[in-house]
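Below you'll find the structure, written out as structure tokens, and then a few comments.
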2 protein chains.
Amino acid sequence: MKTIQVYRCLCDETRLRILNLLLEGPLCVCHLAAVLGLEQPKISRHLKALKGAGAVETERCYNWTIYRLAARPNAVLETNLKCLQDMRGEEAVFAHDLRQRARMFKELMAESCCELPARLRELCRESSQTV
Amino acid sequence: MKTIQVYRCLCDETRLRILNLLLEGPLCVCHLAAVLGLEQPKISRHLKALKGAGAVETERCYNWTIYRLAARPNAVLETNLKCLQDMRGEEAVFAHDLRQRARMFKELMAESCCELPARLRELCRESSQTV
DNA sequence: GACGAATATGCGGTTAATCGAATATTCGTC
DNA sequence: GACGAATATTCGATTAACCGCATATTCGTC
């Protein structure tokens with residue numbers, strides 16, 4: 001049952017925190033790890049689980065892998081992403097992560113050393129239309 | 001995080017099947033077990049998990065324990081119960097269980113040997129108003 | 001093709017979930 | 001208070017999830 005796989009994804013705090021961040025826009029692994037304050041291998045493994053359940057999609061950008069929410073999530077997933085968005089206020093972790101993200105994103109955008117910021121900016125523009 | 005506990009509940013097929021049945025109305029343990037074709041201790045254990053997550057409530061009726069959906073489920077749970085209802089058509093198990101339930105319920109109602117049928121009928125009438 | 005940054009995977013250990021089978025509890029009846 | 005029906009719990013075993021740590025892979029640069 002595909003649905004169960006989705007629920008299995010959602011019953012881990014780290015994965016919920018990742019989804020919470022991706023609701024704001026795409027991010028690559030290293031920035032997810034930095035924002036969440038967790039080890040990179042841990043993030044990678046959770047991202048793999050999320051991808052396996054069809055929750056996220058990836059795109060290579062040089063040696064970064066950019067993760068974003070799936071463009072066509074199944075019904076259950078879509079519903080729960082909306083739930084997550086509504087729930088942000090009630091959970092301090094989510095709010096905290098979003099603040100961290102905002103700060104880190106600002107820094108990243110200020111750097112013009114590589115092409116990642118440009119691509120992320122593009123993706124953000126796209127996703128803010130669909131979400 | 002309370003939400004995670006809810007998701008943990010939802011990522012087991014047996015529990016989803018139980019919730020699917022309870023969406024139609026309250027049932028006691030032995031009938032749940034019979035309809036699902038599973039052992040009674042297994043059902044009891046899953047019901048305990050559901051109760052722990054605030055998904056179901058109980059009521060004693062002689063030596064039966066009647067289980068029903070929680071009157072005030074939290075937001076995430078409520079949303080996913082609606083999802084479950086929408087999803088019934090797509091999952092053969094759910095449809096099959098509902099047919100089994102209908103048949104068994106009809107038989108049970110025909111019996112006038114005990115007070116269980118009467119109470120169940122009452123509860124069904126109530127719940128069909130709220131749901 | 002060697003190097004470094006970013007990402008992914010393998011491995012061993014620990015904890016949590018689930019199960020079947022047996023047993024305990026609860027409650028009404030006699 | 002003994003009995004039986006319905007339900008709940010305990011036990012040991014198996015499986016799955018998660019983690020930290022180390023290592024492998026990928027890809028662009030020099």
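For clarity, every value in this text was computed on a predicted model and none was experimentally measured. Here is how names work: the chains are called A, B, and so on, in the same order as the sequence lines, proteins then strands, and each is numbered from 1. What's counted below: heavy atoms across the whole structure, side chains too, no hydrogens, waters or symmetry copies.
By the 4.0 Å N-to-carboxylate-O rule, A:Glu122 lies close enough to A:Arg119 to be salt-bridged with it. Salt-bridge annotation for B:Glu78 and B:Arg72: absent, with no side-chain N of the basic residue lying under 4.0 Å from a carboxylate O of the acidic one.
Annotation: proximity of residues 40-47 of chain A to DNA chain C (heavy atom, distance under 4.0 Å) is found for A:Gln40, A:Pro41, A:Ser44, A:Arg45, numbered in ascending order. Near DNA chain C, meaning a heavy atom under 4.0 Å from it, residues 24-39 of chain B has no residue at all.
Separation of atoms CG (A:Leu19) and CZ (A:Phe94) is listed at 8.5 Å; rounding is to 0.5 Å. Rounded to the nearest 0.5 Å, atoms CG (B:Leu16) and CD (B:Glu91) are 9.0 Å apart.
A side-chain donor-acceptor contact under 3.5 Å links B:Gln100 and B:Arg103. B:Tyr7 and B:Asn80 share no donor-acceptor pair across their side chains, judged by distance under 3.5 Å alone.
For A:Lys51, the side chain to side chain contact (heavy atoms under 4.5 Å, CB included) partners are A:Val56, A:Thr58, not counting sequence neighbours. The side chain to side chain contact (heavy atoms under 4.5 Å, CB included) check on B:Asn74 picks up B:Lys2, B:Val6, B:Val76, B:Leu77, with sequence neighbours excluded.
With axes fitted over five pairs at each extremity, the angle between the ends of the helix from C:dG1-D:dC30 to C:dC30-D:dG1 is 10° (10° resolution).
If you walk DNA chain D from 5' to 3' and mark each nucleotide with an atom closer than 4.0 Å to a heavy atom of chain A, the marks span D:dA17 to D:dG28.
Side chain of B:Asp97 to main chain of B:Arg17: no donor-acceptor pair is present (N/O by atom type, distance under 3.5 Å, no hydrogens or angles). Between the side chain of A:Glu39 and the backbone N or O of A:Ala33, no donor-acceptor pair lies under 3.5 Å. Side-chain atoms of A:Glu57 come within 3.5 Å of backbone N or O of A:Ala71 as a donor-acceptor pair. Looking at B:Arg15, its side chain never comes within 3.5 Å of a backbone N or O of B:Leu50 through a donor-acceptor pair.
The 5' end of DNA chain C is approached more closely, in terms of each residue's nearest nucleotide, by A:Asn63 than by the other of A:Arg8 and A:Asn63.
In this structure, A:Glu59 atom CD and C:dT7 atom P are separated by 13 Å, rounded to whole Å. Between B:Leu50 atom CG and C:dA17 atom C1' there is a gap of 14 Å when expressed in whole angstrom units.
By the 4.5 Å heavy-atom criterion applied to side chains, A:Cys28 and A:Thr65 are not counted as neighbours.
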